[in-house]
Amino acid sequence: MNLQDIARSPHFAEHAALADPARVHPYGADPTAVADPTTAADPTTAAALPAGTGLPAGTGLPTAADLPRLAAAVEDPALPLPVRLAAGGVLALLGDPRITPVPAVCHVPGGRVPVGLPADEVPYVTRAWAHRGVEESWIVKETPEHTVELADFWIARYPVTNGEWRAFLADTGLEDRPTTWYLGAYPWDRSNHPVAGIRPEHADAYARWLSERTGHPWRLPAEAEWEYAAKGPEGRPYPWPGGFDADAANTRESGVHTTTPVGAFPAGRSPFGAYDMGGNVEEFTADDYAPYPGGRHVEDHLTESMGSYRVARGGSFARFGDLARTRRRHGPFPGPLYPVGFRLATGTRPSPATTTRSSPATGTRPSPATTTRPSPATDEHRPSPTQPTPEERAS
């Protein structure tokens with residue numbers, strides 16, 4: 001055999017077949033399909049196993065009745081991080097009742113909301129993160145603060161997981177594998193970790209696929225929707241109250257240095273109840289980068305390497321806490337340090353009873369984000385005594 005024959009040889013195929021959940025999970029089922037979807041809003045309710053599954057007696061492994069307790073432990077802020085991670089690790093193997101065929105969502109009321117950062121706060125933020133090499137031009141992309149009209153929407157409580165992405169690949173035949181999957185192999189021991197290292201057009205394809213499977217219109221959140229869902233009406237600088245907190249997000253400062261089970265940093269839950277909007281993995285939005293109305297186009301390493309790019313939000317385990325700021329605008333800079341995932345959104349409240357088990361695919365497509373052209377910023381959107389001060393935003 002010579003080099004030109006290698007590409008055609010099955011012996012040198014880049015990726016093996018996706019691991020069969022029945023082969024690697026003790027319950028013999030896809031861990032994303034273990035829970036009863038009608039109880040998705042409450043992870044403490046009992047999980048329902050598919051008929052004919054179970055564990056041999058005397059294994060010592062947790063049973064189906066233990067799964068809700070483990071799920072609650074992952075998100076219990078009273079428990080230390082190692083215990084939360086251990087609980088999530090067990091659920092990755094046995095099936096996580098929080099990950100359901102119809103994703104759990106958080107309602108975000110619509111209205112006229114401020115988006116972006118007031119220009120006079122750029123120096124505060126830049127100085128606060130100068131020790132991490134943050135440059136002023138990166139923060140300028142967040143300016144000016146302006147008003148956006150949002151309709152009511154629902155944002156997924158968790159980012160899309162490896163297990164959910166595996167189901168998508170198996171059903172659609174998409175050959176591209178996430179760059180974070182070693183040798184392209186499905187990381188079955190991390191089934192409830194967020195998927196990362198994917199392309200934005202494939203995230204869009206996932207939303208269309210799930211729309212067809214569930215008969216409900218799913219999509220990626222618009223950039224303005226993502227920001228408001230993360231910071232809430234108080235305009236938090238981070239999804240949690242106050243300044244940066246290494247215990248509230250899986251960023252480099254957490255010391256974990258890899259992805260974690262979704263929801264394992266409960267102190268970082270957003271005002272509307274979404275987890276991991278700061279840290280774990282960055283998340284694609286539906287929008288390409290463009291300057292805000294009245295702002296300037298920033299040419300930096302992202303535009304130099306990619307030209308146009310999809311905006312990513314939220315920060316990750318591989319980067320520092322500055323990217324976990326709710327107003328921070330970033331992108332999928334090429335290379336292993338910036339693996340990006342995503343979460344879903346919808347403009348219609350999902351029905352827990354609408355699942356792939358009971359409803360055939362309808363071919364429904366995601367609806368676009370409902371926004372209007374932003375209006376210029378006004379004084380009413382400046383920080384009030386109940387909103388974060390510039391110092392808090394920069395911390």
Look up atom [atom1] in [X] and atom [atom2] in [Y], then write down how far apart they are to the nearest 0.5 Å.
X	Y	atom1	atom2	answer
Leu70	Leu94	CG	CG	8.0 Å
Tyr124	Ile139	OH	CD1	15.0 Å
Trp154	Leu344	CH2	CG	15.0 Å
Asp287	Glu225	CG	CD	8.5 Å
Trp165	Ile198	CH2	CD1	4.0 Å
Phe244	Glu253	CZ	CD	4.0 Å

Minimum-distance pair of heavy atoms, taken over all atoms of [X] and [Y]:
X	Y	result
Tyr186	Leu18	CB-CD2, 4.3 Å
Thr180	Pro339	CG2-CB, 3.6 Å
Ala224	Val148	CB-CG1, 4.1 Å
Ile155	Met277	CD1-CE, 3.9 Å
His330	Tyr309	O-CE1, 3.6 Å
Gly278	Ala324	CA-CB, 4.1 Å

State, yes or no, whether a side-chain contact exists between [X] and [Y] at a heavy-atom distance under 4.5 Å.
X	Y	value
Leu220	Thr285	no
Tyr238	Asp245	no
Asp176	Glu201	no
Arg236	Pro241	yes
Ser191	Thr161	no
Pro261	Asp96	no
Pro101	Thr214	no
Tyr158	Pro194	no

Is the [X] ring parallel, tilted or perpendicular to the [Y] ring (thresholds 30°, 60°)?
X	Y	answer
Tyr206	Phe342	perpendicular
His216	Trp218	tilted
Tyr292	His146	tilted

Task: Sole residue of Arg328, Arg132, His131 in side-chain hydrogen bond (donor to acceptor under 3.5 Å, both in side chains) with Asp322 - done: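 Testing Asp322 for a side-chain hydrogen bond (donor to acceptor under 3.5 Å, both in side chains) against Arg328, Arg132, His131 leaves exactly one candidate, Arg328.
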Is there a donor-acceptor pair closer than 3.5 Å between any side-chain N or O of [X] and the backbone N or O of [Y]?
X	Y	result
Thr251	Arg319	no
Arg190	Ala92	no
Arg219	Ala286	no
Arg112	Glu149	no
Arg166	Ala19	yes
Arg327	Gly116	yes
Ser270	Ala229	yes
Thr147	Val113	no
Thr326	Ala230	no
Arg157	Ala104	no

Treating Ile, Leu, Val, Met, Phe, Trp and Tyr as nodes and any side-chain heavy-atom pair under 4.5 angstrom as an edge, say whether [X] and [Y] lie in one connected cluster.
X	Y	result
Val115	Val108	yes
Trp181	Val281	no
Val160	Phe317	no

Task: Transitive ILVMFWY cluster of Val83, excluding itself - 4.5 Å side-chain cut-off - done: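 Its cluster mates, by chain and number, are Leu79.
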Open item on the list: Using a 4.5 Å cut-off between side-chain heavy atoms of Ile, Leu, Val, Met, Phe, Trp and Tyr, which other residues end up in the same hydrophobic cluster as Phe265?
Closed with: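 Phe265 clusters with Leu81, Leu85, Val256.
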Task: Leu117/Glu145 under side-chain contact (heavy atoms from CB on, under 4.5 Å): CA gap, chis, key distance, verdict - done: CA-CA 5 Å; Leu117 184 74; Glu145 187 179 47; 5.9 Å; no
- [ ] For side chain to side chain donor-acceptor pair (under 3.5 Å), just list the numbers for Trp209 and Asp171, CA-CA rounded to whole Å, side-chain angles, deciding distance to a tenth of an Å, and then say yes or no.
- [x] CA-CA 9 Å; Trp209 169 79; Asp171 197 45; 2.7 Å; yes
Task: Residues that Ala205 engages under side chain to side chain contact (heavy atoms under 4.5 Å, CB included), provided they are two or more places apart - done: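 If we apply the side chain to side chain contact (heavy atoms under 4.5 Å, CB included) test to Ala205, skipping adjacent residues, the hits are Phe168, Arg208.
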Task: Ile99 vs Val262, side-chain contact (heavy atoms from CB on, under 4.5 Å): CA-CA, chis, key distance, verdict - done: CA-CA 9 Å; Ile99 312 303; Val262 296; 3.9 Å; yes
Task: Arg349 atom CZ: more than 12 heavy-atom contacts under 6.0 Å - done: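 No, the 6.0 Å shell around CZ holds no more than 12 heavy atoms from other groups.
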Open item on the list: Is there a side-chain contact (heavy atoms from CB on, under 4.5 Å) between Asp276 and Asn250? Walk through the geometry before answering.
Closed with: CA-CA 8 Å; Asp276 294 313; Asn250 181 13; 5.8 Å; no
Open item on the list: Please determine whether a side-chain nitrogen of the Lys or Arg among Arg329 and Glu223 lies less than 4.0 Å from a carboxylate oxygen of the Asp or Glu.
Closed with: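 Between Glu223 and Arg329 there is a salt bridge, with a charged N closer than 4.0 Å to a carboxylate O.
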TODO: Please name the residue in the list Leu91, Thr259, Val74, Asn162 that meets the side chain to side chain contact (heavy atoms under 4.5 Å, CB included) test with Asn192.
DONE: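 Among the candidates, only Leu91 passes.
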TODO: Identify which one of Glu282, Glu227, Glu142 satisfies the salt bridge (charged side-chain N to carboxylate O under 4.0 Å, His left out) criterion when paired with Arg313.
DONE: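 Answer after filtering Glu282, Glu227, Glu142: Glu227.
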